[in-house]
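Atoms within a ligand are numbered from 1 in the order they appear, just like the ligands themselves. The basis for the numbers below is simple: all heavy atoms, side chains too, and nothing from hydrogens, waters or symmetry mates.
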Amino acid sequence: MNIEKKAMYKQMGISEEVYEFSEKIWNSLSDRFAQIDAVSEYNQLKVIGAMQKNRVSEACLLGTTGYGYNDLGRDTLEAVYADIFHTENALVRPQITCGTHALALALMSNLRPGDELLSPVGKPYDTLEEVIGIRESKGSLKEYGISYRQVDLLPDGSFDFEGIARAINGKTKLVTIQRSKGYQTRPTLSVERIEELITFIKERKPDVICMVDNCYGEFTEAREPSDVGADLVVGSLIKNPGGGLAPIGGYLAGKKECIENAAYRLTSPGLGKEVGASLQVLNSFYQGLFLAPSVTANALKSAIFAANIYERLGFAVVPDSVESRHDIIQAVTFGDPEGVIAFCQGIQQAAAVDGHVTPEPWDMPGYDSPVIMAAGAFVSGSSIELSADGPIKPPYAVYFQGGLTWQHGKFGIMKTLQKLVEKGIVSADFSRFM
Ligand SMILES: *Cc1c(COP(=O)(O)O)cnc(C)c1O
């Protein structure tokens, strides 16, 4: 079989050197992969258990139109999410257009004029700057008289407990905690660290709402932030919990009151969760959720493989080759634009959709430097699918994530290495790294 496999890789443009080096790295990862499989096995049972408990039936997979009253599938799916996250309630809708929308909804529905929002983990994800009003924006929380306070992490990545204690005041109504590092260099927060932070905050102000931006973190661990005191967890369905199948959508899971507030904001006061037709998406929401633990594991394996390949070749990688993982994002620093471009082109060349396209850096609105993006996705923009992007500016790092199957993730990373070799950025003689 190995001979056939090697021949197939060759047919797909992978040289013998890249193949042998990749096999060597892969063979060294069996213990890591076994740990990931154990988490995914646990989470698979958690998902099936929640579906069985809520008696998911064939009828749930059908959708409604118009107002969407009595949408059995939608209401059951929300109960399933609530069980998975161990929360009182959940809101899971195609009318929530993306992760930013889900987070904005959670904030805008649970904060009132005069309240204050606190981020104790530093600057939130870029798109939230406009939601909050850190960057002036129409319709921001700031425009509605909601103030914002931020406490940065300490230089070593730990929580600034003194600063947080000082920042909590009579107005503090909601604390937002971003689990994933996103596109920053700080470490991603484990559920254990989130627990430590929430416990500290609740000791000082028990009635504050602790919300976690759960994007990219779902199913990477056995526990979710809602298992350790978060009142609200929020995320996107075109990331982990959609399992690659959901074509749109976002979710909120949490305390009954927080979810009701969000529902009345999403639709209308008086209507709340009662309306919102699910159209034809429920089948993909259910099946995607069913696949999500496994898909997340595949993305984690792909990220770990990438970290090990590129660390071995001498590039800086975050997280490093052995660190524990709490999200699916992998950063690799190349130190020059050509490396970023070659990496992204390699990912693109591995895609099943748009594999023939060559990505180039372009001036994307909202960014202060050209950005290159590789995404050959079945769902446009889906970042649980194999994807990479990098701003063309120092330190010339690329951010890589996803991979619906581990085999695709592995092939994608091999393609990136092949591209780097072809462009002369990496020497084809790997013997000194093996
Ligand atoms: C992706 C992401 C968001 C925003 O989600 P979009 O679907 O891109 O709007 C917010 N926070 C984090 C940490 C993310 O990774």
**Request:** Tell me whether the guanidinium CZ or amine NZ of Arg193 lies under 6.0 angstrom from the six-membered ring centre of Phe159 and within 45° of its axis.
**Result:** yes

**Message:** When you compare ligand 1 with Asp213, is there at least one nitrogen or oxygen pair between them that comes in under 3.5 angstrom?
**Reply:** yes

**Item:** Heteroatom distance test (Gly99, ligand 1): nitrogen or oxygen, under 3.5 angstrom
**Value:** yes

**Request:** Decide if atom CD of Gln407 counts as having more than 12 heavy atoms of other residues, nucleotides or ligands within a radius under 6.0 Å.
**Result:** yes

**Prompt:** In the protein, what heavy atom is nearest to atom 9 (O) of ligand 1, and what distance, to one decimal place, separates them?
**Reply:** Thr100 OG1, 2.5 Å

**Fill in**
Ranking Lys239, His101, Gln178 by closest non-hydrogen atom to atom 2 (C) of ligand 1, top hit is Lys239

**Item:** Flag for Asn169-Lys205: side-chain donor and acceptor within less than 3.5 Å
**Value:** no

**Proximity of Leu128 to ligand 1 by residue part, where a heavy atom lies under 4.0 Å** = neither

**Asked** Are any of the side-chain heavy atoms of Gln348 and Met373 separated by less than 4.5 Å?
**Response** no

**Message:** If the test is salt bridge (charged side-chain N to carboxylate O under 4.0 Å, His left out), which one of Arg179, Lys202, Arg223 qualifies with Glu195?
**Reply:** Arg223

**Atom indices of ligand 1 within 4.0 angstrom of Tyr216 heavy atoms, with elements** = 15 (O)

